[in-house]
Structure formats: structure tokens, C-alpha cells
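Numbers here are sequence positions counted from 1.
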Amino acid sequence: MEHDEAQQRRAIERTVVTYCDAVDRGDIETVVGRFTVDAVVDYGPRTSATGREAIARLFGGLRTTATATSHRLTNLVVDLGDDAARATSYVTAWHALVEPAGEQLVIHGRYLDRLEQVDGDWLIAERRLEVHGSTAPVPFHPLPRR
């Protein structure tokens, strides 16, 4: 692997991990900054957004449903193109719910991302969450099975 390709992969990994860290810290500005201006986020039929303003509202709403979150990423695979890339990563997301108080929600799934290079930075242009399972019913996309 060429040095530049390795650097590009690390930059993409950093974008994906920075997103998770920012969500967990409640740093909506950094979350939104990891997406392109016209990004599309699709977490399910009732949880999608297009554009940074809508993404900010989506994640701002998370503060009203969870008092804390913790995202863990594994199995990150990056496929580089000339000015775009695809990344798949597996996520376990823990949520301390506001209602019912004291309840927890854990989601196991994967992110399917398309990233674009913007001013030398890799940003998420499209993100889809597919859920393998969860501790409670959630209105997200199920993982397609063969």
C-alpha cells in the first residue's frame, strides 16, 4: 500500500471515529462538521435528514431522548476511489434513555458511508444505518439477510 493511500484511509477512519466521539460528548457542531453540506443521513423511516441544518436538528433531538450515549466501532473497511470513498463499520451504540427513566437501549448495527474529499478533508456525504439487533424495537433499517 502506498504511503498516500494509507494516509487517506487513516483520515477516513478519523472522520468516522470523530463523529462517534462528538455524538457521545453532545458536540453537535463537530458532528455536523463531519458531514458534507448536502449530506444525506438515513437511520430509518423516521430518522433521516438531508443537509447540515437538518442533521443538526436530528442530533439536537437526541439530547431529548438520551442522557448519555457510547458508540463503539469495529471492523472498519475503507474502499478508496479518486475523490470519493466507501466505508463500512460495525457499531454498538448504548443509550441511557430519558423515558422511561433508567432504561437503556443498545443497538448493534453497521454504518454504510460514502465519503467525499472536501478541501483536503474526508467528510461523510451519505450514511445509512442497518441494525442487526437491539434491546428494544427500533424503527431502523434491518440488516439485509440472504
Side-chain angles (χ1 to χ4, degrees), residues 1-98 104-145:
M1 179 182 319
E2 290 186 24
H3 179 69
D4 184 55
E5 183 178 331
Q7 286 181 317
Q8 297 302 318
R9 287 179 189 278
R10 281 193 300 278
I12 290 168
E13 290 170 7
R14 184 172 190 81
T15 292
V16 175
V17 171
T18 297
Y19 158 88
C20 289
D21 177 63
V23 170
D24 294 342
R25 291 183 295 106
D27 182 352
I28 305 304
E29 184 177 335
T30 298
V31 170
V32 171
R34 296 297 77 214
F35 291 92
T36 61
V37 172
D38 58 349
V40 175
V41 173
D42 182 8
Y43 290 155
R46 296 185 303 186
T47 314
S48 61
T50 301
R52 283 183 171 167
E53 287 182 22
I55 292 168
R57 285 192 301 275
L58 176 71
F59 284 97
L62 179 61
R63 291 180 176 176
T64 65
T65 60
T67 59
T69 62
S70 181
H71 291 70
R72 298 292 179 255
L73 289 180
T74 62
N75 304 346
L76 179 62
V77 175
V78 175
D79 295 313
L80 285 172
D82 291 335
D83 57 355
R86 297 239 176 231
T88 301
S89 55
Y90 283 73
V91 60
T92 299
W94 168 85
H95 304 77
L97 300 178
V98 171
Q104 298 180 12
L105 171 65
V106 179
I107 298 170
H108 303 279
R110 69 179 180 176
Y111 292 131
L112 303 173
D113 296 329
R114 186 177 66 77
L115 298 97
E116 297 176 354
Q117 208 166 22
V118 178
D119 297 327
D121 197 10
W122 285 99
L123 302 177
I124 302 166
E126 296 174 10
R127 167 163 278 185
R128 178 182 169 95
L129 171 65
E130 293 179 343
V131 174
H132 300 211
S134 63
T135 56
V138 290
F140 298 132
H141 300 294
L143 176 72
R145 296 234 177 232

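In this structure, CD1 on Ile107 lies 12.0 Å from NE2 on His132, to the nearest 0.5 angstrom. Between Leu123 atom CG and Leu115 atom CG the span is 8.0 Å, to the nearest 0.5 Å. With values rounded to the nearest 0.5 angstrom, Thr50 atom OG1 is found 7.5 Å from Ile55 atom CD1. Expressed to the nearest 0.5 Å, how far CD of Gln117 lies from CG of Leu80 amounts to 9.0 Å.
For the residue pair Ser48/Asp42, the side-chain donor-acceptor check at 3.5 Å is not satisfied.
A heavy-atom distance below 4.5 Å is not found between the side chains of Val98 and Thr65. Using a 4.5 Å heavy-atom threshold, the side chains of Thr15 and Asp113 count as separate.
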| request: Decide side-chain contact (heavy atoms from CB on, under 4.5 Å) for Leu58 and Thr47; before the verdict, give the C-alpha distance in whole Å, the side-chain angles of both, and the deciding distance to 0.1 Å. | output: CA-CA 8 Å; Leu58 176 71; Thr47 314; 3.5 Å; yes

| task | Apply side-chain contact (heavy atoms from CB on, under 4.5 Å) to Phe59 and Val32, showing your working. | result | CA-CA 9 Å; Phe59 284 97; Val32 171; 5.8 Å; no

| task | Please test Leu129 against Val91 for side-chain contact (heavy atoms from CB on, under 4.5 Å), starting from the C-alpha separation and ending with a verdict. | result | CA-CA 9 Å; Leu129 171 65; Val91 60; 4.1 Å; yes

| task | Report the C-alpha distance between Arg72 and Tyr90 in whole Å, list the side-chain angles of each, state the deciding distance to 0.1 Å, and finish with yes or no for side-chain contact (heavy atoms from CB on, under 4.5 Å). | result | CA-CA 8 Å; Arg72 298 292 179 255; Tyr90 283 73; over 6 Å; no

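Between Asp121 and Arg34, at least one side-chain N (NZ, or NE/NH1/NH2) sits under 4.0 Å from a carboxylate O, which counts as a salt bridge. Salt bridge absent: Arg9 and Glu13 never bring a charged side-chain N and a carboxylate O closer than 4.0 Å. Salt-bridge check for Arg86 with Asp79: failed, with every basic side-chain N at 4.0 Å or more from each acidic carboxylate O.
In this structure, Thr69 and Ala66 approach most closely via the heavy-atom pair CG2-CB, 4.1 Å. Between Ile28 and Gly60, the shortest heavy-atom distance links the atoms CD1-N, 4.1 Å. Contact detail for Ala11 and Trp122: the closest heavy-atom pair is CB-CD1, 3.7 Å. Considering every non-hydrogen atom in both Pro45 and Pro139, the closest pair reads CD-O, 3.2 Å. Nearest heavy atoms, Ser134 versus Leu105: CB-CD1, 4.3 Å. Shortest non-hydrogen contact noted between Cys20 and Tyr111 is SG-CE1, 4.4 Å.
For Thr135 (side chain) and Val106 (main-chain N/O), a donor-acceptor pair under 3.5 Å exists by modelled atom type.
More than 12 heavy atoms of other residues, nucleotides or ligands lie within 6.0 Å of CZ in Arg25, so this atom counts as buried by the packing criterion. Atom CD of Gln104 sits in a crowded spot, with more than 12 heavy atoms from other residues, nucleotides or ligands closer than 6.0 Å.
Between Tyr19 and His71, the ring-plane angle classifies as perpendicular under the 30° and 60° cut-offs.
Take Arg110 and apply the salt bridge (charged side-chain N to carboxylate O under 4.0 Å, His left out) test, not counting sequence neighbours, and it matches Glu130.
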